[in-house]
Amino acid sequence: MSQIPVVIIGAGPAGLMLSHLLHLQGVESVVIESQSRDEVEATVRAGILEQGTVALMRSTGVGDRLDREAEIDEGIQISIDGDLERIDLHKYTGHSVAVYPQHEVLIDLIEQRLTDGGEILFSTTVTHIEGHHTEAPVVHLQNSDGTENRVATSYVVGADGSRSLARQLLLADGAQRLKHEYPFAWFGVMVEAPQTHPELIYATHPDGFALISTRTPELQRYYVQCDPEDSVDMWSDDRIWSALHTRVDSDMVSVSEGKITDKAVLRFRSAVTSSMQSGRLFIAGDAAHTVPPTGAKGLNLAIADVALLAPGLARALKKGDDGLLNNYTSLALPRVWKAQHFSYWMSAMLHSAPTGDPADDLFQTHRRLAELRTVTSSDAGRQLLASQYVGLDLPTYEV
C-alpha cells in the first residue's frame, strides 16, 4: 500500500487542473482515471473558456497551445427570429472568451503533468473509499488486468463526473442532491463544412433554439432544440437542415451545409450537491454540480472549484491550517448558484417549452422573444449578459 498526500479520482478538467495546481505548490498527488489515456483525449466535447480559466491556464504554464490554436471571441451573436444582435463582450467587460474544446484542455494538462513527473493511473477503477472521516483514508483500486491495490492518503478528491462514487458517500453522510430537469434537449451534429460565422450564434425562433459554433475552420458543431425523448434516428439530414435554416438564416447569415459525421441527443439537467465535503473527502466539477450547456459554465465551474480547493489542501498539508479547506463548500456554492441562475435564464429565454396549450405556448413565445429584445436593446442588458458570459474572476488565496 503506497502513501500519497492527495488522491484525485477522475482525469477531467477538475482533477487534472487540481493535480497541476498542487504540484506548483509542492504537494504530491495521484490522479486515478477509469478510462484509457486515448479515450480521455479522444472524447470530443465543447469548450468555451471564460476569461478566468484562460488566465489561470496562462499563468500556470499550460496556455501555450491555447494561445496558438484557440479562437478568441470578443463577442457573441444572438439571433431573435431572424434579427441578428451582437453582444460585444470586450466592450462591456474588457474581456473575451476562448473557443477551445474541453478535450484539448485535457490533452494539455495530461502532457504537463507527465512532463512534471506526475502520476496518472489510466484504466484504473476506484472500487471503494474507506475511512474518509479519519486522518488516514484508504482508496481501493482495480487495474485493467484485474489486480487490486490500495493507496493510503491524507485527502481524497472526487472529480469523477456526474455519476460520482465520492458523491454517494457525501449523500450517505447527509448531503442533498438538488435537481432540475428541463423540458427540452439539444440534437447535436458535427458537420464537415466551412464556417457559418466567425462568432457563436445563439438563435431562437418560435420553433425553438439553435446554436452555431466552430470546432475548426473545416469542422462545425450545430445544435437544434429537440424533445428529450427524441432518438437519433428520428432526425434525418433533411430535417436537421430544415430546422437549422428556419431558426438561423437571415439576410445576414446562412447556415453552411456539409457532410454530417456525428449525431447525438444531449439532455438538459441541473444539479447541485448541498455539501461538497465530508471529513477528508471533497468533490469538485460535475461530481458536485451540473449545468445545462446554454451558458457554457460546466468546465469553468470545475476550474473555479479547484482554484479554491488547491490552496486549501496546500495550506492544510504544508502548514497544518485547515481553515480554508473547512470553508470550501460555503465559499464555492455561491458561485455555483450564480452559474445555475445564468444557465437557467439563458435557457428559458432561448428555448420554447411547449405546454400542450396552443394559446399559452404562443403567449410564452412572444414573452420570451420580448425578454431577449429587452436585454439586447439596452446597454444595461447587454452588459449584464456579457459580464455573466465571460465569467467572474477566479478565487485567489495565498498558501
Side-chain angles (χ1 to χ4, degrees), residues 45-50 71-93 95-101 182 184-189 191 195-215 220-226 240 243-256 266 268 270 291-300 339-353 364-365 367-378 381-391:
R45 294 182 180 176
I48 297 175
L49 308 187
E50 293 178 355
E71 178 180 312
I72 304 301
D73 282 1
E74 295 189 347
I76 58 172
Q77 303 285 333
I78 307 288
S79 176
I80 309 170
D81 198 8
D83 297 328
L84 209 59
E85 299 281 353
R86 184 173 188 266
I87 306 299
D88 191 327
L89 303 176
H90 194 268
K91 171 185 174 181
Y92 290 109
T93 69
H95 296 296
S96 55
V97 295
V99 181
Y100 194 61
Y182 292 78
F184 39 75
W186 282 1
F187 191 91
V189 294
V191 181
Q195 192 177 54
T196 293
H197 194 278
E199 296 177 338
L200 281 84
I201 301 176
Y202 290 82
T204 193
H205 180 273
D207 286 358
F209 172 79
L211 174 64
I212 305 300
S213 62
T214 295
R215 289 294 176 271
Q220 314 308 316
R221 184 65 161 167
Y222 301 152
Y223 296 95
V224 293
Q225 180 183 340
C226 68
I240 293 166
L244 284 166
H245 286 301
T246 297
R247 300 175 192 188
V248 178
D249 284 7
S250 67
D251 293 339
M252 301 175 66
V253 67
S254 179
V255 175
S256 178
L266 178 62
F268 270 42
S270 284
V291 291
T294 321
K297 296 302 178 190
L299 181 154
N300 297 289
Q340 290 287 358
H341 166 69
F342 179 70
S343 299
Y344 183 97
W345 179 55
M346 285 280 284
S347 298
M349 283 196 298
L350 290 166
H351 294 79
S352 60
Q364 293 298 339
T365 293
R367 185 212 60 76
R368 66 182 182 80
L369 294 181
E371 183 179 6
L372 266 172
R373 290 191 173 102
T374 300
V375 170
T376 59
S377 63
S378 71
R382 288 170 177 261
Q383 184 170 19
L384 173 63
L385 197 156
S387 63
Q388 293 295 305
Y389 196 84
V390 302

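With hydrogens and angles disregarded, no donor-acceptor distance shorter than 3.5 Å links the side chain of Tyr223 to the backbone of Phe209. When atom types are taken as modelled, the side chain of Thr204 and the backbone of Leu350 share a donor-acceptor pair closer than 3.5 angstrom.
When all heavy atoms of Ser377 and Thr374 are compared, the pair lying nearest together is OG-O, 3.2 Å. Contact record, Val224 with Ala243: CG1-CB, 4.1 Å, taken as the closest heavy-atom pair. For the residue pair Ser352 and Gly208, the shortest heavy atom distance occurs at OG-CA, 3.6 Å. The shortest heavy-atom contact between Ser347 and Phe268 is OG-CE2, 4.0 Å. When every heavy atom of Trp186 is checked against every heavy atom of Pro293, the shortest pair comes out as CZ3-CG, 3.5 Å. Residues Ser250 and Gly82 approach most closely at CB-O, 3.1 Å, considering heavy atoms.
Between atom OG of residue Ser254 and atom CG of residue Asp249 there is a gap of 3.5 Å, rounded to the nearest 0.5 Å. Here Asp207 contributes atom CG and Thr246 contributes atom OG1; the two are 6.0 Å apart, rounded to the nearest 0.5 Å. Taking OG of Ser213 as the start and NE2 of His197 as the end, the distance is 13.5 Å to the nearest 0.5 Å. If you take CG on Leu369 and CG on Asp81, they are separated by 6.0 Å, rounding to the nearest 0.5 Å. For the atom pair Leu211 CG and Arg221 CZ, the distance stands at 10.0 Å (nearest 0.5 Å). Rounding to the nearest 0.5 Å places CG of Asp73 at 13.5 Å from CD1 of Ile87.
Here the options are Ile240, Val191, Ile201, Leu244, the test is side-chain contact (heavy atoms from CB on, under 4.5 Å), and the partner is Val255; only Leu244 passes. Put simply, the residue from Arg373, Arg368, Arg367 that forms a salt bridge (charged side-chain N to carboxylate O under 4.0 Å, His left out) with Glu371 is Arg367.
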Show the numbers, then the answer: is there a side chain to side chain contact (heavy atoms under 4.5 Å, CB included) between Val253 and Thr196?
CA-CA 7 Å; Val253 67; Thr196 293; 3.7 Å; yes
Assess whether ring-ring contact (aromatic ring centres under 6.0 Å, His included) is satisfied between Tyr182 and His351, documenting all intermediate values.
CA-CA 10 Å; Tyr182 292 78; His351 294 79; 8.3 Å; no
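In summary, Lys297 and Glu50 engage in a salt bridge, as defined by a charged side-chain N under 4.0 Å from a carboxylate O.
Applying the side-chain hydrogen bond (donor to acceptor under 3.5 Å, both in side chains) rule to Tyr92 yields the partners Asp379; only residues at least two apart in sequence or on another chain are considered. With sequence neighbours left out, Arg86 forms a side-chain hydrogen bond (donor to acceptor under 3.5 Å, both in side chains) with Asp88, Glu199.
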Counting only pairs under 3.5 Å, give me each side-chain donor-acceptor contact of residues 383-391, with atom names and distances, residues two or more places apart or in other chains.
| unit_1 | atom_1 | unit_2 | atom_2 | d |
| --- | --- | --- | --- | --- |
| Ser387 | OG | Gln383 | O | 3.0 |
| Ser387 | OG | Leu384 | O | 3.0 |
| Tyr389 | OH | Tyr202 | OH | 2.6 |

